[in-house]
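This report refers to the structure that appears directly beneath it.
The chain is numbered in sequence order, starting from 1. When a ligand or atom number is given, it counts from 1 through the structure's own listing order.
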Amino acid sequence: MTDLVLPQIDAYAADHSLPETPTRRALREETERTMEFARMLVGPLEGAFLHQMARLVQATRVLEIGMFTGYSALCFAEAVPDQGRVITCEVDEESAAVARRFFAQSPHGGKIEIRMGPALETMAGLTGPFDLIFVDADKLNYVNYYRRAMELLSPRGVMLIDNVLWNGDVLRDPPPDERTAAIQALNQIVTADARVSAVLATIRDGIWIITPRPSA
Ligand SMILES: C[S@@+](CC[C@H](N)C(=O)[O-])C[C@H]1O[C@@H](n2cnc3c(N)ncnc32)[C@H](O)[C@@H]1O
C-alpha cells in the first residue's frame, strides 16, 4: 500500500491527536518487527479516530470484523466503560496469539472477547444491537459484512468500514482484480442505501462512517 495522504501530514495529524497508549505502541512495534503484513494495522492516527468514534457514540458494545494482532480492538477497549464489551473476529491463530499476549498486559484487555473462525459465521450467531461495528477483514466479503452488520447495528450506532479507497484503485475502470471490484460494489451499495447517512472520509486508506437514518 502506498500513502494516499502525505506521510508528513499523517504524522502531523497523529501528533496533534489523542496519543497512542504505551500498550498500543508496544503492540504496534512488535507487529512491525515480527509480522509479515504489519501494514494491515490501522496505526496511531486512524486508531485515535476509532477511539474517538467509540466515545462519541458512548459505545458499550463494539463488534470488530478483522482483529489481526489486536491494535484496533485495544483502541475500542480503551474507549468503552468497564462493563463494556468488544467482540472481535479473527481466523489467524498466529495473529490472535500476539493479540492475547498484549490484551493480558492492558488494564482494558478484559473487555475484549476474541471469536475465532470466519466472521460471517460468527456474525450469524450474534445478537444486536451493537453501538459500533468496525469492518476490516477480507474484502471479498465486504458486501456480506455490510448487510449483516446493518441487522446488528443499533439505530443510534455507527458502522465504520476500512480501506474503502483501496489505495486509490477504486478509481480504476475496469477494476484490476476481484478485491477492487468488491470494494467498488460496496461503495455503490452504501451510496445508494436510503436507510443510511454515510460519509466516505479520506483518512488513511478511506473509511466509511455510516449511521442509520432515523426513519430506517
Ligand atoms: C486488515 S487486518 C485487521 C487489522 C486490525 N483491525 C488492526 O487495525 O489492527 C484483517 C484481518 O482479518 C482477518 N480475516 C481475514 N478473513 C477473515 C474472516 N473470514 N473472518 C475473520 N477474520 C478474517 C485476517 O486474518 C487479518 O488478521
Side-chain angles (χ1 to χ4, degrees), residues 1 4 10 14 17-18 20-21 23-54 59 62-79 86-103 105-106 108-109 112-126 130 132-149 152 158-167 169 178-180 182-183 186 201 203-208:
M1 189 171 97
L4 295 177
D10 190 81
S17 299
L18 285 168
E20 192 176 43
T21 57
T23 312
R24 264 197 277 143
R25 177 182 305 233
L27 166 56
R28 179 174 54 77
E29 288 174 353
E30 176 165 328
T31 302
E32 286 166 355
R33 245 193 346 267
T34 62
M35 301 294 283
E36 188 181 358
F37 299 109
R39 278 200 67 130
M40 293 201 295
L41 179 155
V42 289
L45 179 62
E46 190 176 347
F49 171 78
L50 298 176
H51 179 95
Q52 185 78 339
M53 291 303 288
V62 174
L63 172 62
E64 173 175 80
I65 311 303
M67 173 182 73
F68 190 39
T69 53
Y71 188 93
S72 47
L74 265 181
C75 296
F76 294 127
E78 290 166 6
V86 178
I87 295 180
T88 181
C89 306
E90 182 52 59
V91 282
D92 179 49
E93 221 5 277
E94 186 189 355
S95 302
V98 177
R100 281 192 201 98
R101 231 174 345 100
F102 280 90
F103 294 166
Q105 291 170 28
S106 164
H108 304 280
I112 304 173
E113 191 182 322
I114 302 174
R115 297 285 187 96
M116 295 303 293
L120 272 179
E121 289 176 21
T122 302
M123 291 172 95
L126 290 174
F130 286 89
L132 189 153
I133 301 179
F134 179 48
V135 177
D136 190 20
D138 52 318
K139 311 309 168 199
L140 293 180
N141 268 315
Y142 260 26
V143 170
N144 295 326
Y145 292 143
Y146 176 69
R147 293 205 167 114
R148 179 61 183 145
L152 294 171
V158 64
M159 190 193 316
L160 306 169
I161 311 181
D162 203 17
N163 304 108
V164 290
L165 291 175
W166 205 228
N167 199 27
D169 279 353
E178 276 183 315
R179 283 180 179 73
T180 308
I183 292 172
L186 171 84
I203 297 168
R204 195 167 161 263
D205 195 26
I207 181 163
W208 273 117

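In this view, R147 satisfies the salt bridge (Lys or Arg N to Asp or Glu O under 4.0 Å) rule with no residue, not counting sequence neighbours. The side-chain hydrogen bond (donor to acceptor under 3.5 Å, both in side chains) search around E90 returns none, not counting sequence neighbours. Every salt bridge (Lys or Arg N to Asp or Glu O under 4.0 Å) that R28 has, sequence neighbours left out, goes to E20, E32.
Between D169 and R179, none of the side-chain N atoms (NZ, or NE/NH1/NH2) sits under 4.0 Å from a carboxylate O, so this pair counts as no salt bridge.
Here L4 contributes atom CG and L165 contributes atom CG; the two are 6.0 Å apart, rounded to the nearest 0.5 Å. Annotation: the span from K139 atom NZ to W166 atom CH2 amounts to 5.0 Å, rounded to 0.5 Å.
Protein residues having at least one heavy atom under 4.0 Å from any atom of ligand 1 are M40, L41, V42, E64, G66, M67, F68, Y71, S72, C89, E90, V91, D92, G117, P118, A119, F134, D136, A137, D138, Y145, listed by chain and number.
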